[in-house]
Amino acid sequence: MLKLAVLVSGGGTNLQAIMDSIDDGRITNAQISVVISNNAGAYALTRARNYGVEALLLSPKSFDTREEFNEKLLEALREREIDLVVLAGYLVVVPPCVIEEYENRIINIHPSLIPSFCGTGCYGLHVHEKALARGVRVSGATVHFVDEGTDTGPIILQKPVMVEQDDTPEVLQKRIMEQAEWVILPKAIDLIANGKVHVDGRKVTIDE
Ligand code: GRF
């Protein structure tokens, strides 16, 4: 059974999609051991409590130095013997010590088709504003492993979503969540939990 830590900063609809998928069998061989947030007001923490899993508040602001926070985060993952770290709308930079120890065991959901509309500063609604400003007809979402760069790690799954003429960033964001993010994030976790994902450098292969 793969032990998951889900790291969140906001509403937690992707966390909800993971919980629902575990309940209805779309994800097998995995359980959520802890939900960690940097934000005390994150509704994701309430979702975790309602679901009956540990909700842990760990904010860089509560520590004197960033190093202390980094150590605490790593310790929290170690103590719970976490196998896979899932970033589901986590707005804190994952420390290098965690990335090193959890190589190819941290995944992130990004709301565009990487390498479009990603990188530093490209998060939340900004992603969709940029996509609309560029006039793309298709956007989507990507699940990727996390390396030391921003949105640069090996790509696991992508799903395209059509852009409509009168889309606002908010409308496009919602469509991408519903049609892509809530589908491919649980799917990627299930594939990893069942040993079907293999990484070789930047290339990911998935067993049929
Ligand atoms: C999602 O759009 C995700 O792609 C991005 O942050 C947002 C999180 O939403 N990384 P939620 O907290 O899962 O509702």
Shortest non-hydrogen pair, Leu73 vs Pro95, comes out as CD2-CD, 3.8 Å
I'd like to know whether CD of Glu103 has more than 12 heavy-atom contacts from other residues, nucleotides or ligands below 6.0 angstrom.
no
Common cluster, Ile106/Ile109, ILVMFWY with side-chain heavy-atom separation under 4.5 Å
no
Salt-bridge present (Glu75, Arg78; N to O < 4.0 Å)
no
Under a single-linkage definition using a 4.5 Å side-chain heavy-atom cutoff for Ile, Leu, Val, Met, Phe, Trp and Tyr, are Val143 and Ile27 assigned to the same hydrophobic cluster?
yes
Is a donor on one side and an acceptor on the other found under 3.5 Å between the side chain of Asp83 and the backbone of Lys3?
yes
Would a 4.5 Å heavy-atom cut-off, applied to side chains only, mark Val197 and Val204 as touching?
yes
Which distance, rounded to the nearest 0.5 Å, do you find between the CG of Leu4 and the CD of Gln31?
8.0 Å
Test log, rule side chain to side chain contact (heavy atoms under 4.5 Å, CB included), inputs Ile107 and Ile189
CA-CA 9 Å; Ile107 63 172; Ile189 294 169; 3.9 Å; yes
Run Leu191 and Lys187 through side chain to side chain contact (heavy atoms under 4.5 Å, CB included) and show every step you take.
CA-CA 6 Å; Leu191 290 168; Lys187 174 88 186 156; 4.2 Å; yes
Donor-acceptor check, side chain of Asp167 to backbone of Glu164, threshold 3.5 angstrom: yes or no?
yes
Which value, rounded to the nearest 0.5 Å, describes the distance between Glu54 atom CD and Ile36 atom CD1?
7.5 Å
For atom CD of Glu79, decide whether the heavy atoms of other residues, nucleotides or ligands shown that lie under 6.0 angstrom number more than 12.
yes
CG on Leu77 to NZ on Lys72, rounded to 0.5 Å
12.5 Å
Using the side-chain contact (heavy atoms from CB on, under 4.5 Å) rule, pick out the option among Thr13, Val6, Val8 that qualifies with Arg47.
Thr13
Any chance the side chains of Asp200 and Thr205 put a donor and an acceptor closer than 3.5 Å?
no
Any idea which heavy atoms bring Ala42 and Ser37 closest together, and the distance?
CB-OG, 3.6 Å
Do the non-hydrogen side-chain atoms of Val85 and Val94 ever get within less than 4.5 Å of each other?
no
Heavy atoms of Asn104 and Pro154 approach each other most closely as OD1-CG, 4.4 Å
If every non-hydrogen atom of Ile82 is compared with every non-hydrogen atom of Ser33, which pair is closest and at what distance?
CD1-CB, 3.7 Å
Give, for atom CG of Asp190 and atom CG of Asn29, the distance between the pair rounded to the nearest 0.5 Å.
8.0 Å
Show me the donor-acceptor pairs within less than 3.5 Å that the side chains of residues 117-140 make with the rest of the protein, sequence neighbours left out.
none

Do Ile156 and Met177 land in one hydrophobic cluster if side-chain heavy atoms of ILVMFWY residues count as linked below 4.5 Å?
no
Can you see whether Asn39 engages Ser9 through a side-chain donor-acceptor pair at a distance of less than 3.5 angstrom?
no
Minimum heavy-atom distance between Ala76 and Leu56, given as atom pair plus value:
CB-CD2, 4.0 Å
So Tyr51 and Asp23, side chain to side chain contact (heavy atoms under 4.5 Å, CB included) or not? Walk me through it.
CA-CA 10 Å; Tyr51 187 71; Asp23 287 347; 3.1 Å; yes
Which heavy atom of Pro60 sits nearest to which heavy atom of Val92, and what is that distance?
CG-CG1, 4.3 Å
Give a yes or no on whether Lys159 atom NZ has more than 12 heavy-atom contacts from other residues, nucleotides or ligands under 6.0 Å away.
yes
How long is the span from the CG atom in Asn70 to the CG atom in Leu58, to the nearest 0.5 Å?
10.0 Å
To the nearest 0.5 angstrom, please state how far the NE2 atom of His144 sits from the OG1 atom of Thr152.
7.5 Å
Quick one, Asn14 with Tyr90, criterion side chain to side chain contact (heavy atoms under 4.5 Å, CB included). Give me CA distance, side-chain angles, the key distance, then yes/no.
CA-CA 11 Å; Asn14 279 288; Tyr90 187 58; over 6 Å; no
Does Phe63 share a hydrophobic cluster with Val98, counting links as ILVMFWY side-chain heavy atoms below 4.5 Å and allowing steps through other members?
yes
Check whether any side-chain heavy atom of Ile176 sits under 4.5 Å from a side-chain heavy atom of Glu181, and report yes or no.
yes
Between Trp182 and Leu157, is there shared hydrophobic-cluster membership here, with clusters defined by ILVMFWY side-chain heavy atoms closer than 4.5 Å?
no
Quick one: does any side-chain atom of Asp24 pair with a main-chain N or O of Arg26 as donor and acceptor, under 3.5 Å?
yes
